[in-house]
4 protein chains.
Amino acid sequence: MNNQKPKYHQIIEAAVKVIAENGYHGSQVSKIAKEANVADGTIYLYFKNKEHILVSLFEEKMGEFIERIAKAIEGSDSASDQLYTLIEMHFRQLSSDYYLAIVTQLELRQSNISLRLQINQVLKPYLKVIDGIIQKGIDQHQFKEDLNMPLVRQMIFGTLDEIVTNWVMKEQKYTLVDMVPEIHRMLVSALASK
Amino acid sequence: MNNQKPKYHQIIEAAVKVIAENGYHGSQVSKIAKEANVADGTIYLYFKNKEHILVSLFEEKMGEFIERIAKAIEGSDSASDQLYTLIEMHFRQLSSDYYLAIVTQLELRQSNISLRLQINQVLKPYLKVIDGIIQKGIDQHQFKEDLNMPLVRQMIFGTLDEIVTNWVMKEQKYTLVDMVPEIHRMLVSALASK
Amino acid sequence: MNNQKPKYHQIIEAAVKVIAENGYHGSQVSKIAKEANVADGTIYLYFKNKEHILVSLFEEKMGEFIERIAKAIEGSDSASDQLYTLIEMHFRQLSSDYYLAIVTQLELRQSNISLRLQINQVLKPYLKVIDGIIQKGIDQHQFKEDLNMPLVRQMIFGTLDEIVTNWVMKEQKYTLVDMVPEIHRMLVSALASK
Amino acid sequence: MNNQKPKYHQIIEAAVKVIAENGYHGSQVSKIAKEANVADGTIYLYFKNKEHILVSLFEEKMGEFIERIAKAIEGSDSASDQLYTLIEMHFRQLSSDYYLAIVTQLELRQSNISLRLQINQVLKPYLKVIDGIIQKGIDQHQFKEDLNMPLVRQMIFGTLDEIVTNWVMKEQKYTLVDMVPEIHRMLVSALASK
DNA sequence: CATGAATGAGAATTCATTCAT
DNA sequence: CATGAATGAATTCTCATTCAT
């Protein structure tokens with residue numbers, strides 16, 4: 001435990017660990033407080049309620065997640081290369097933080113509709129990044145020009161998400177990043193202008 | 001557990017309606033019993049526990065769902081045509097039963113891991129159907145021969161699932177079946193041998 | 001404990017005892033349930049929430065209290081005699097049920113405003129009875145004809161209530177009913193037409 | 001505890017305002033501290049605990065209240081006139097400080113028994129003043145000589161208290177002081193020697 | 001087979017009070 | 001003197017499941 005960290009982050013890290021280890025419904029506030037080495041009441045100095053811990057957790061972690069991807073694709077000029085980078089970063093980041101992968105792929109999906117809607121809001125910037133790549137591909141004539149943007153976005157996100165979820169549920173018996181080239185090839189083929 | 005008896009189905013239909021209208025966490029056993037016009041205790045003559053109602057619901061509804069798709073694709077010899085039929089049937093069936101779409105795409109996903117694992121078991125035959133189409137495509141040289149089968153399956157299922165979920169969350173503001181040709185085209189392109 | 005009694009009354013009697021012995025703030029629902037020999041959850045089959053137990057308690061007990069007084073004064077034709085009966089019955093009933101006296105005079109007054117307003121509603125019929133006596137006294141020319149009815153009612157009720165509260169707080173070191181003649185004499189003098 | 005310091009009074013005035021506006025149970029220490037423009041911890045430099053704030057509030061306010069009444073009745077030689085002055089001052093003071101009236105008539109009564117007993121102690125000097133008037137009335141042969149002093153005192157105090165409480169609860173829709181002559185007339189009649 | 005009254009375990013949140021600075 | 005971040009004890013209510021009728 002890093003006591004220099006402001007308690008806000010201490011609590012969020014504790015929440016990730018506790019939820020990954022005990023499941024969404026096994027994660028009482030008191031358990032998170034204990035893991036974070038704070039009193040139960042201290043949680044409520046930083047978060048309005050339990051749901052707010054989870055939204056904040058997702059915001060913090062996905063915020064970084066998305067930012068790193070957005071940063072990384074800035075380097076390439078080609079939509080296809082950008083897509084490759086996005087897939088690789090998506091997989092690499094979740095591979096390197098197994099606790100986070102469990103929490104985002106499995107546990108947080110058990111939350112109520114209200115929380116899920118807030119989570120969807122957090123994901124919006126990621127979807128915008130995907131949209132940007134698609135648009136660039138169209139502009140560059142790498143991708144078909146009459147693509148249905150929402151549909152394509154849902155295909156890309158749905159594919160990546162399903163693959164990561166399967167990997168988490170199979171307890172990561174294989175290396176996720178190894179899948180990147182084939183997925184990239186398939187997705188580019190799906191969108192290609194010819 | 002007696003599956004021939006009418007009350008068994010009465011309870012399952014009631015569960016679909018109650019969950020669709022009240023959400024997963026708003027669906028108490030007593031509410032389902034009331035909707036089914038039986039006493040609370042009667043539920044437990046037909047189902048071991050609450051979770052068992054939901055698994056059975058999924059088994060019944062997805063069983064039919066899958067069977068109809070399997071039946072429908074028997075008619076075609078081409079893997080590409082079969083994939084088209086699968087996508088169309090997938091969308092058509094969920095479009096025509098909005099309650100069921102809400103329950104399977106949104107509400108049942110809030111259940112605990114144990115129930116989700118059982119749901120995955122129920123989906124296995126559907127994944128087998130998808131695998132069969134892929135294999136046939138490879139055998140017919142329509143699809144690339146070195147496809148990674150699980151990966152392809154996850155792409156297809158992940159794409160369809162994400163698209164339906166978005167449609168349900170957007171309160172079906174557009175016609176799902178209209179999307180079939182483009183999705184089919186993209187998926188076939190992704191898998192195509194050249 | 002009388003197990004023939006429907007649980008509703010069982011719980012109310014338990015609440016009176018528990019509150020009298022432990023005070024308003026020391027009376028947890030679980031303590032009341034234990035005293036009533038029912039499970040905690042059973043309370044909520046009969047009462048919407050904890051506050052509702054207390055309102056019902058007051059309704060039941062005060063309902064009987066008022067009814068007995070109303071019945072008793074029917075016997076007399078004279079307003080002065082009726083007032084005597086009212087005072088005597090008021091004191092006699094609270095003297096004979098010390099637990100109830102503690103609860104109504106001390107403990108229930110610690111409740112929040114919402115409950116206090118509901119309690120005031122329950123008392124309204126009692127105030128009507130007092131008003132009836134005053135009116136009769138005026139009609140019979142026993143009492144002054146230009147009395148301010150609300151003011152007189154408040155004087156009578158305030159006097160009786162303060163006297164009973166003092167008696168309860170002094171742990172009933174004297175006999176409440178002995179006070180009746182003097183109080184009656186003073187109140188009648190206060191209202192008398194000459 | 002330093003009573004000369006300005007913060008002591010600052011806190012008491014803040015407590016009156018906060019309790020009048022938020023009710024007894026809505027008045028957290030932190031809210032009082034904020035209203036008083038001091039830190040939460042500062043409260044505990046001046047008061048042992050929360051209950052002590054309330055007792056002090058009552059002591060300060062009722063101390064002045066009683067003193068003013070005692071002073072005012074010094075001017076009259078007749079018990080009846082003194083009683084008139086007492087009633088008028090009682091009503092006038094509470095009329096002119098609506099916040100204080102709410103706090104003493106409604107909110108502070110929701111406190112626990114311990115606080116109520118301390119409040120009763122504070123009221124003792126007021127009851128002594130009433131007793132003094134009664135005794136003077138007896139000595140002057142204005143009042144009956146065999147009056148039961150405690151009983152009479154409870155009638156007077158109970159009457160005034162009930163009337164003020166009703167006025168506060170009715171949101172002071174009428175002028176309290178207008179009631180003085182009739183109440184005085186009734187009380188004097190009740191006690192009069194003939 | 002069917003009923004439905006009764007059970008009782010389990011958890012989020014508030015807030016008076018402390019104490020290191 | 002003053003601060004205010006941190007503490008942690010304490011309690012109502014829900015709802016899946018049982019079982020006597």
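Order of the sequence lines fixes the chain letters, A, B, ..., with proteins taken first and strands second; residue numbering starts at 1 for each chain. Note that the coordinates shown come from a computational prediction; the quantities given were computed from them, not determined experimentally.
Residue pairs meeting the salt bridge (Lys or Arg N to Asp or Glu O under 4.0 Å) criterion with at least one partner in residues 103-116 of chain A, sequence neighbours excluded, are A:Arg109-A:Asp161. Residue pairs that meet the salt bridge (Lys or Arg N to Asp or Glu O under 4.0 Å) test with at least one member in residues 8-24 of chain B, sequence neighbours left out, are B:Glu13-B:Lys61, B:Lys17-B:Glu35.
The nearest whole Å value for the distance from the OH atom in B:Tyr24 to the C1' atom in F:dA16 is 12 Å. Following rounding to the nearest Å, B:Ile32 (CD1) and F:dA16 (C1') show an atom-to-atom distance of 11 Å. With rounding to whole Å, A:Lys31 atom NZ is found 11 Å from E:dA11 atom C1'. Note: NZ (D:Lys48) to P (E:dT18) measures 11 Å, nearest angstrom. In this structure, D:Leu115 atom CG and E:dA16 atom C1' are separated by 15 Å, rounded to whole Å. Rounded to whole angstrom, the span from the CD atom of D:Gln10 across to the P atom of F:dC1 amounts to 14 Å. If you take OH of B:Tyr44 and P of F:dC19, they are 13 Å apart, rounded to a whole angstrom. Distance, B:Glu51 CD to F:dT17 C1': 14 Å, rounded to whole Å.
For D:Lys31 (side chain) and D:Gly26 (main-chain N/O), a donor-acceptor pair under 3.5 Å exists by modelled atom type.
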At under 4.0 Å between heavy atoms, which parts of nucleotides 5-10 of chain F does protein reach? Answer with one letter per nucleotide, 5' to 3': B base, S sugar-phosphate only, - none. -BBB--
Pairing string of DNA chain F (Watson-Crick or G-U wobble, both atom distances under 3.5 Å; | = paired to other strand) is .||||||||||||||||||||
Please assess B:Phe58 against B:Leu123 for the test side-chain contact (heavy atoms from CB on, under 4.5 Å), listing each intermediate value before the final yes or no. CA-CA 9 Å; B:Phe58 203 80; B:Leu123 281 178; 4.0 Å; yes
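Evaluation of the side-chain contact (heavy atoms from CB on, under 4.5 Å) rule for D:Ser27 yields D:Val18, D:Ile19, D:Asn22 as partners, not counting sequence neighbours. Qualifying side-chain contact (heavy atoms from CB on, under 4.5 Å) partners for B:Val55, counting only residues two or more places apart in sequence or in other chains: B:Glu51, B:Glu59, B:Leu115, B:Gln118.
Comparing F:dT17, E:dA12, F:dC13 by their nearest atom to the side chain of C:Lys50 picks out F:dC13.
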